[in-house]
Protein chains: 2
Amino acid sequence: MANIHEVAKQAGVSSATVSRVLNNTSSVTERTRQKVDQAIKELNYEPSMLGRNLRNSESRLLLVLIPNFSNPYYTEIINGIEDFSVERGYNILLCETDSNPTRENTFFNMVKNKLADGIISMDPTINMAKLQELAKKHSIVLCSEYDELERIPYVAIDNEVAAYKVMKHLIRLGHENIALINSDEKFLYARQRRKGYERALEEFDLPLRQEYIYNTNNLDFQDGAQAMRKLLQLDETPTAAFAVSDTLAIGALKELNVKGMNVPGEFALVGFDNISFSNMTNPTLTTVAQPMYQMGIAAANMLIDQLQGKPVDSVMLDHELIIRESTLN
Amino acid sequence: MANIHEVAKQAGVSSATVSRVLNNTSSVTERTRQKVDQAIKELNYEPSMLGRNLRNSESRLLLVLIPNFSNPYYTEIINGIEDFSVERGYNILLCETDSNPTRENTFFNMVKNKLADGIISMDPTINMAKLQELAKKHSIVLCSEYDELERIPYVAIDNEVAAYKVMKHLIRLGHENIALINSDEKFLYARQRRKGYERALEEFDLPLRQEYIYNTNNLDFQDGAQAMRKLLQLDETPTAAFAVSDTLAIGALKELNVKGMNVPGEFALVGFDNISFSNMTNPTLTTVAQPMYQMGIAAANMLIDQLQGKPVDSVMLDHELIIRESTLN
DNA sequence: TATTTGTATGAAATCGTTTACAATTAAATG
DNA sequence: CATTTAATTGTAAACGATTTCATACAAATA
């Protein structure tokens with residue numbers, strides 16, 4: 001593969017001029033531009049990003065950290081990030097951390113190594129301390145999960161309000177015994193959604209019953225099924241449940257199906273995230289839609305602005321309650 | 001961030017020696033090694049991949065091309081690719097082509113540009129001519145979709161046999177009117193699965209009825225629902241269907257649910273791919289499992305071998321029919 | 001001790017760009 | 001036409017690593 005000097009020689013100019021044509025950075029005569037273009041075609045030259053990146057000391061590569069690829073929750077956000085980044089001349093590298101500190105370290109090193117310019121983290125299990133440290137010298141943005149105390153900019157939704165709205169919807173339908181299928185409360189969003197759950201109970205004068213709150217270890221279908229199994233074993237079984245993710249809700253729904261319970265007739269169910277499957281279940285699932293694509297756009301925008309030295313502020317985006325068959329009666 | 005020369009100065013040696021310590025490529029006294037390690041720690045130096053890559057003219061980055069992130073079909077394959085690559089010191093860049101030629105070109109250029117070392121393509125819509133051209137000078141592997149005529153190495157399963165097995169299963173259950181919900185037959189796998197469908201009909205002396213074959217435009221849920229809607233409008237409706245992807249099957253199942261039909265009592269249904277959601281539907285879905293993770297491993301292995309100049313051969317992996325409720329009676 | 005062999009280190013070239021600075025040429029002004 | 005100003009182009013030094021080749025020194029041999 002030809003390099004810039006060979007192109008220069010072929011065109012009878014200096015490599016500097018070729019570079020100028022390539023980046024049209026300063027004025028070049030139409031005539032020389034043509035000679036250079038000609039030479040580029042003849043040698044079918046492609047500039048080496050390695051050389052360019054080294055010289056400019058930037059890679060135009062952004063890291064997107066997610067706990068695992070299989071979670072459909074992230075796909076639309078990623079699309080947003082991808083579209084915006086490509087638009088601005090950046091590529092994204094999707095990184096699966098598997099909640100594995102070694103993996104995590106690999107990615108942190110990539111930005112220290114200059115192999116990547118910055119990070120958008122959507123991994124709630126990430127090592128915040130290390131990330132804070134990294135953020136001192138590099139550009140980082142948090143998406144959907146964030147750190148209340150610190151100053152890494154983030155984009156997220158108001159989880160508490162969303163959970164509150166879900167509860168209000170269920171309460172209006174006449175439910176008084178409403179379970180919460182929550183994930184591990186080491187996650188901020190889990191704590192926030194629980195807060196919304198509790199606030200709604202309080203405001204509508206319903207008792208807060210600890211046995212109605214089930215915390216899962218993961219967000220897999222089985223965890224949701226397991227949770228529902230436990231809830232249905234209680235003396236006074238709930239008549240509705242709010243699961244903090246659609247995957248959990250779908251697992252719970254599966255269990256209700258297995259038990260032959262009518263949804264929403266005997267049991268109402270709400271999920272969270274509006275993943276595409278949530279509209280394919282039987283019955284279809286009431287859920288909370290986050291503006292995924294917009295969140296992706298916003299996160300990418302913030303990161304690139306940060307890279308270019310502009311000041312950035314965290315943003316809070318709107319959400320929407322999508323009412324479907326699982327709560328309609 | 002310190003560079004190798006500063007480390008050298010700090011340690012009182014030359015940059016060559018530091019490089020030798022870093023890569024322990026040739027003998028270095030224990031004493032100087034310690035001095036260098038010391039200096040590296042003091043300056044907390046991280047070698048720049050940009051410099052290294054430029055010098056070595058390799059990026060240790062592999063491109064993985066998929067049509068879109070949201071298709072759950074690819075996740076396990078990607079996990080396989082990722083695990084194997086990381087093991088061998090490569091990182092992967094997940095590239096969504098969106099079946100968009102411009103996007104595609106961007107990725108092709110990345111390997112021409114030396115920004116990436118090779119490509120694993122899982123995109124059935126890819127421009128084969130261009131890919132062949134690229135393959136002359138660069139390392140490329142196809143996964144799951146391949147080109148019968150050409151010599152780009154691939155890893156895949158025997159789609160025809162798989163489809164044949166599905167049909168045999170349905171025929172044994174007593175079905176005689178079996179529909180095929182196929183995707184666009186510009187895809188090789190679609191043509192192969194149709195072949196298996198037809199061969200089974202022939203061998204069991206069942207008529208081949210064109211109106212039982214429905215071709216969808218995409219693989220979304222709606223396409224499956226749409227297909228089932230059409231099939232149920234036929235004069236003599238089929239009693240079973242084989243959908244060439246789980247997403248199509250799930251859409252079809254949704255439509256059957258809507259129509260109030262009992263599955264498998266009134267209608268038996270088989271999918272393909274064994275995506276995780278296929279075990280959460282009601283009823284759970286009979287499907288064909290491909291050894292996704294293994295395919296990923298194999299593809300990455302082939303690509304890296306190729307990069308290192310070893311000869312590689314295409315491989316055909318086994319599949320498995322997973323019988324669940326949607327065909328059990 | 002003189003000579004050979006082997007090991008440990010350093011100097012400098014290299015990978016392919018971009019860019020500050022200098023130098024050349026062309027255009028504009030009086 | 002001489003002089004100033006502006007527009008093009010070239011030279012050479014970075015960016016940060018690796019590696020060839022040469023050199024210094026220590027150990028082994030005669």
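The structure displayed is predicted, hence computed values, not measured ones. Letters A, B, ... are given to chains in the order of the sequence lines, protein chains preceding strands, and every chain is numbered from 1.
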Open item on the list: Side chain of Ser15(B) only, heavy atoms from C-beta on: which candidate in dT18(C), dT9(C), dA12(C) is closest?
Closed with: dA12(C)

Open item on the list: Among dT9(C), dT19(D), dG16(C), which nucleotide has an atom closest to any side-chain atom of Ala16(B)?
Closed with: dT19(D)

Task: Asp123(A)/Arg103(A) ion pair, N-O < 4.0 Å - done: no

TODO: Kindly point out which of dT9(C), dA17(D), dT11(D) is positioned nearest to the side chain of His5(B)?
DONE: dA17(D)

- [ ] Go through dT9(C), dT18(C), dG16(C) for me and flag the one nearest to the Leu54(B) side chain.
- [x] dG16(C)

- [ ] Answer yes when Arg88(A) and Asp305(A) have at least one side-chain N-carboxylate O distance shorter than 4.0 Å, and no when they do not.
- [x] yes

- [ ] For Ser57(A), report the nucleic acid contact type (base, sugar-phosphate, nothing); a contact means any heavy atom under 4.0 Å.
- [x] nothing

TODO: State whether the distance check finds a donor on one side and an acceptor on the other, under 3.5 Å, for side chain Arg52(A) versus base dT17(C).
DONE: no

Open item on the list: Treating Glu58(A) as the side-chain partner and Asn53(A) as the backbone partner, does any N or O pair qualify as donor plus acceptor under 3.5 Å?
Closed with: no

Open item on the list: If I take atom CD in residue Glu30(A) and atom C1' in nucleotide dA26(C), what distance separates them, rounded to the nearest angstrom?
Closed with: 17 Å

TODO: Ignoring hydrogens and angles, answer whether the base of dG16(C) and the side-chain atoms of Arg55(B) contain a donor-acceptor pair closer than 3.5 Å.
DONE: no

- [ ] Under 4.0 Å between any heavy atoms, over every strand shown, what does Leu50(A) touch: base, sugar-phosphate, or nothing? Just pick one.
- [x] nothing

Open item on the list: Mind checking if Val18(B) touches a base, just sugar-phosphate, or nothing, with heavy atoms under 4.0 Å?
Closed with: nothing

- [ ] State whether Ser48(A) places a side-chain N or O below 4.0 Å from either non-bridging phosphate oxygen (OP1 or OP2) of dG16(C).
- [x] no

- [ ] Output yes when at least one side-chain N/O atom of Ser26(B) is less than 4.0 Å from OP1 or OP2 of dT7(C), else no.
- [x] no

Open item on the list: The side chain of Ile4(A) is closest to which nucleotide in this list: dT18(D), dT8(D), dT17(C)?
Closed with: dT17(C)

